Amino acid sequence: MALSATTTLPHSVDNVAAVLVNEDFQRHVSQLVGGSLESFTVEGDVAGAFSATSVRTLPTTRLPEIARKFVGEQLKVTQVENWDAPAADGSRQSNISLKISGAPVDVTAVQRLVAADGGTRVELEGAVKSSVPFLGGKIADAAEPMVAKALNLQAKQAQAWLESH
């Protein structure tokens, strides 16, 4: 199932990127959805190419009941973002991978931060896949809206965070 979302924030690419890899911000977003940030690490210098890994525990209350029977009350989600160094125009790109422990769903996405009209356009394109024979498509179809909402929430919360900090 394809993921695609775009939003524009009235802040510079540098500021948006800095928020997205801020541990306090990641903890805030995790708690906002009823979860917790178990760990957050950044490897490398954020001024260049680097990677960020977050591990969250999230409630399954918004999943369909049939899915909750398989995965239980919580999910452990590991999100790895491999960021490229800034391009000549200042834009940034990260390759995102989400692994959900105990659920047969994998998410891959590319997030671009592009300078636009004095702000930053956040573009997200990706795919949700499930390895379950016969039911994989249905599982991916059910997971896609929730994954898209979670990734969009992070971008929108970045704006609120920048305005309040």
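In this text the structure is predicted, and so the values were computed from the model without any measurement.
For the atom pair CD (Gln79) and CZ (Arg56), the distance works out to 5.0 Å, reported to the nearest 0.5 Å. Interatomic distance, Leu113 CG to Leu20 CG, rounded to the nearest 0.5 Å: 6.0 Å. In this structure, CG in Leu98 is found 11.5 Å from CG in Leu75, a value given to the nearest 0.5 Å. For the atom pair CG (Asp117) and OG1 (Thr8), the distance works out to 7.5 Å, reported to the nearest 0.5 Å. In this structure, Asn95 CG and Arg112 CZ are separated by 8.5 Å, a value rounded to the nearest 0.5 Å. The CD atom of Glu81 lies 6.5 Å from the OG atom of Ser54; values are rounded to the nearest 0.5 Å.
Judged purely by atom type and a 3.5 angstrom limit, Asn22 uses its side chain to pair as donor or acceptor with the backbone of Phe25. Using modelled atom types, no side-chain atom of Arg121 and backbone atom of Thr7 make a donor-acceptor pair closer than 3.5 Å. Checking side-chain atoms of Ser51 against main-chain N and O of Asn82 turns up no donor-acceptor pair under 3.5 Å.
Looking only at side-chain heavy atoms (C-beta outward), Glu123 and Val114 come within less than 4.5 Å of each other. By the 4.5 Å heavy-atom criterion applied to side chains, Leu9 and Val122 are counted as neighbours. In this structure the side chain of Val16 reaches within 4.5 angstrom of the side chain of Leu162, judged on heavy atoms. Between Glu43 and Thr53, the closest side-chain pair of non-hydrogen atoms is not below 4.5 Å. Residues Gln93 and Trp83 have side chains not in contact (no heavy-atom distance under 4.5 Å, counting atoms from C-beta outward).
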Go through it in stages, so that I can follow the logic: the residues are Leu37 and Val29, the test is side-chain contact (heavy atoms from CB on, under 4.5 Å), and I'd like the CA-CA distance, side-chain angles, deciding distance and then a yes or no. CA-CA 9 Å; Leu37 183 66; Val29 172; over 6 Å; no
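Between the side chains of Thr57 and Glu38, at least one donor N or O lies within less than 3.5 Å of an accepting N or O. With hydrogens and angles left out, the side-chain atoms of Asp89 and Ser91 include a donor and acceptor closer than 3.5 Å. Neither side chain, His11 nor Gln159, offers a donor N or O lying under 3.5 Å from an acceptor on the other.
Placement of Val80 and Val21 in two distinct hydrophobic clusters is found when ILVMFWY residues are connected by side-chain heavy-atom separations under 4.5 Å, directly or transitively. Phe40 and Val55 end up in different hydrophobic clusters when Ile, Leu, Val, Met, Phe, Trp and Tyr side chains are linked at under 4.5 Å.
Between Lys99 and Asp106 there is a salt bridge, since at least one side-chain N of the basic residue sits less than 4.0 Å from a carboxylate O of the acidic one.
Between Leu124 and Ala109, the closest heavy-atom pair is CD1-CB, 3.8 Å. Taking every heavy atom of both residues into account, Pro86 and Gly48 meet most closely at CD-CA, 4.2 Å. When all heavy atoms of Ser30 and Ser36 are compared, the closest pair comes out as CB-C, 3.9 Å. Ala85 and Arg92 make their closest contact through C-NE, 4.1 Å (heavy atoms, listed as atom of the first residue, atom of the second, distance).
Ring-plane geometry between Trp161 and His165 is classed as parallel, the angle between the planes falling under 30 degrees on a 0 to 90 degree scale with a further cut at 60.
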